[in-house]
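Contents: one structure, followed by commentary.
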Amino acid sequence: MTQPAKPVSLPTLVPPSAEFAAQANVSGMDAYKALYDSAVTDPSAFWGNLAETELDWFKPFDKALDWQPPFVQWFTGGKLNVAYNCVERHTKTARKNKAAIIFEGEPGDQRIITYQELHRLVCRFASSLQQLGLKAGDRSIIYMPMIPEAAIAMLACARIGVTHSVVFGGFSAEALKARIQDLEAKVVLTADGGWRRGKEVRLKDAVDEALKFCPTVEHCVVYKRTGSDCHMEAGRDHWWNVLDETAREDVPAAELDSEHPLYVLYTSGTTGKPKGILHTTGGYLLQAQMTMKWIFDLKESDTYWCTADVGWVTGHSYVVYGPLAAGATTVIYEGAPDTPAFDRWWRLVDKYKVSIFYTSPTAIRALIRQGDHWPERHNLSSIRLLGSVGEPINPAAWEWFHRIIGNEKCPIVDTWWQTETGAILIAPMPGAVPLKPGSGTLPIPGLVAEIVDHAGNPVPDGHEGFLILKTPWPAMLRTIWGDPERYKEQYWSKVPGAYFTGDAARRDKDGYYWILGRVDDVMNVSGHRLSTMEIESALVRHPAVAESAVVGKPHEITGQAVCCFVTLKKGITDHDKLGLELRQWVAHEIGPFARPEEIRFTEALPKTRSGKIMRRLLREIVTSHTVAGDVTTLEDMNVLTSLSAQHDED
Ligand code: PRX
């Protein structure tokens, strides 16, 4: 990552203030250590006790942990329901009239939905799904803007046991189609469109395009958000509000196995085909809820805002399931941070008195660039805790977040986790663990992490290596949808008996973890995971392209940017026009967020003698503009010379 122009000096250790520690859910290192030790000594008893006290069960579980590596089951024999735990149970307490969701649309429309009202809306939509014949075990795709109905759709599916897969609204029809097909979904839940930077993102058009190739889909439900014209296919498409006219409110929560599939979320892997990460019910919910209390130090009076989209795992665990299970008030904002101006987020913090604010380093960097006057116009004193996720937080971003947004009084919880881990795994309990800016600090109770070398042997503290996890955790992915072999191969074959994270990291002498980034062909662009292979496959589908190799290039705002090396078929020479066209092509094939920053045309790509593209060399060229690494397996040295020379001409 590009370092900031102005070096910032940060404190090396930031202990919790006495004031924060005094009110914290977990206060002092001894308390953290006691939790950690008790979980590591007897994970079944530790998590089993929490599951009994923190979740509501229709039937108690027989066994807390069943670990048959690499397959895990938590709370077997138990029956529960996620929507019951996230919504209905709160309606039986003093929380019933508490705001569950505070929503603001990009145009400025506002809705405050209490737990009672949310329960009513979830039941009504669950009833609409039942009217369409949906039942436990069926699969749905949710392709929605960031509006309360996205959460309502997720919860309604959970209430009747339909396994959902949310597809980020920024994905194209092509990407949507691939996910619907892989999941063999029966229903698509969408909207006419949503608002982003003052323009309508037309979701239903993309759905129509995708559904031409998805024979498993029987129904499509469309929520009217923008009110613009959209095609409705007779027999297949239904308006949400029309179904609602005959909806019932007495839909019982299905009593589901603890291991019932709650959702599948597709994420980029190291091949062109996205992986459907499967999360189930009891373990996932428990860890999402507990991390709200431990890491976000959630209190009854908090107003909590995580800026992630529900299309990503952060939106699942920390906009919807975690906060609602914990009975929090969760803020949902539909649009862009710069609309109508760069102070939109700070305006919202001030207006709704947000007390916990969770976002990504890429967003922080983009906002720093716009100047301090934007946040300074607003009263941000309601904030008491800040959080960061998605990539390592660089010193300049940490310093600004701490000083300008947190007024130097708020802890910053740097949370390391992945789509696969389901919930936070390495992060500070802010009233207990002293922060070290840039480090995710220490693991959650019971998690044993290690740093190893290529052979799987632990490396000494202070040395760089691969981050692996040696113990199962409740929100762990259960498999890759429909492909248990890929699950075993991807995560459990690199180091026998351990989960391979794909991240490089080091542990310091205090046991703190420092994440250094991906070691596989996965890029991290604006905190979104993109696979080099997925973009390469998209590029070679273009008729002019012969071959392509894609690498992540350091970028000041987005962390990494997509840089594509492309060789063309014979006779094609109009590079300028084609460069633009190919960027557009990738946006169309995958989604606008995957649009390459740069297309470099080249005569040939560096390859090994066996014909494998050496992306490592290309990475070196875009990162350091030289190649210092081992080139002994390179077949044709001339390729390298011409690629490096090409850069010199830039
Ligand atoms: O490389 C790590 C990085 O994001 C990857 C996971 O991406 P994804 O599945 O899209 O989930 C993102 C949100 C949980 C990780 O393998 N990453 C995530 N959080 C951090 C991070 N890197 C450093 N520090 C973090 N706090």
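For this chain, numbers begin at 1 and follow the sequence in order. Both backbone and side-chain heavy atoms feed into the values below; hydrogens, waters and symmetry mates do not. In listed order, ligands and their atoms are each counted from 1.
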Thinking salt bridges, do Lys436 and Asp508 make one under a 4.0 Å N-O criterion?
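Here Lys436 pairs with Asp508 in a salt bridge, since their nearest N and O are under 4.0 Å apart.
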
Within the 4.0 Å heavy-atom cut-off, what Ile393 brings close to ligand 1 is neither

Note: Gln418, heavy atoms under 4.0 Å from ligand 1, region reported as both

Verify, without hydrogens or angle tests, whether [X] (side chain) and [Y] (backbone) share a donor-acceptor contact under 3.5 angstrom.
X: Arg529; Y: Ser268; value: yes
X: Tyr333; Y: Ala336; value: yes
X: Glu174; Y: Ile590; value: no

Under 4.0 Å from any heavy atom of [X], which atoms of ligand 1 are there?
X: Arg518; answer: 1 (O), 15 (C), 16 (O)
X: Thr415; answer: 19 (N), 20 (C), 25 (C), 26 (N)
X: Asn524; answer: 3 (C), 4 (O)
X: Ile515; answer: 22 (N), 23 (C)
X: Pro392; answer: 22 (N), 23 (C), 24 (N)
X: Asp414; answer: 24 (N), 25 (C), 26 (N)
X: Val389; answer: 13 (C), 14 (C)

What protein heavy atom sits nearest [atom], and how far off is it?
atom: atom 10 (O) of ligand 1; answer: Arg529 CD, 3.3 Å
atom: atom 20 (C) of ligand 1; answer: Glu391 N, 3.5 Å
atom: atom 6 (C) of ligand 1; answer: Trp417 O, 3.7 Å
atom: atom 17 (N) of ligand 1; answer: Gly390 O, 3.2 Å
atom: atom 13 (C) of ligand 1; answer: Thr314 OG1, 3.5 Å

Any Val389 side-chain heavy atom under 4.5 Å of Trp416 side chain
no

Are the side chains of Leu380 and Pro375 in contact, using a 4.5 Å heavy-atom criterion?
yes

For Tyr512, is the NZ or CZ atom of Arg507 found under 6.0 angstrom from the centre of its six-membered ring and inside 45 degrees of the ring axis?
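Because its charged atom misses either the 6.0 Å distance or the 45° angle limit, Arg507 does not stack over Tyr512.
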
For the residue pair Tyr318 and Ala423, what are the closest heavy atoms and their distance?
OH-CB, 3.4 Å

Asp338: which of Arg344, Arg196, Arg197 passes salt bridge (charged side-chain N to carboxylate O under 4.0 Å, His left out)
Arg197

For the NZ atom on Lys409, are there more than 12 heavy atoms of other groups (residues, nucleotides or ligands in this structure) within a distance under 6.0 Å?
yes

Less than 3.5 Å between some nitrogen or oxygen of Asp503 and one of ligand 1, yes or no?
yes

Distance-only N or O hit between ligand 1 and Thr419, under 3.5 Å:
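Yes; the residue has a nitrogen or oxygen that sits under 3.5 Å from a nitrogen or oxygen of the ligand.
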
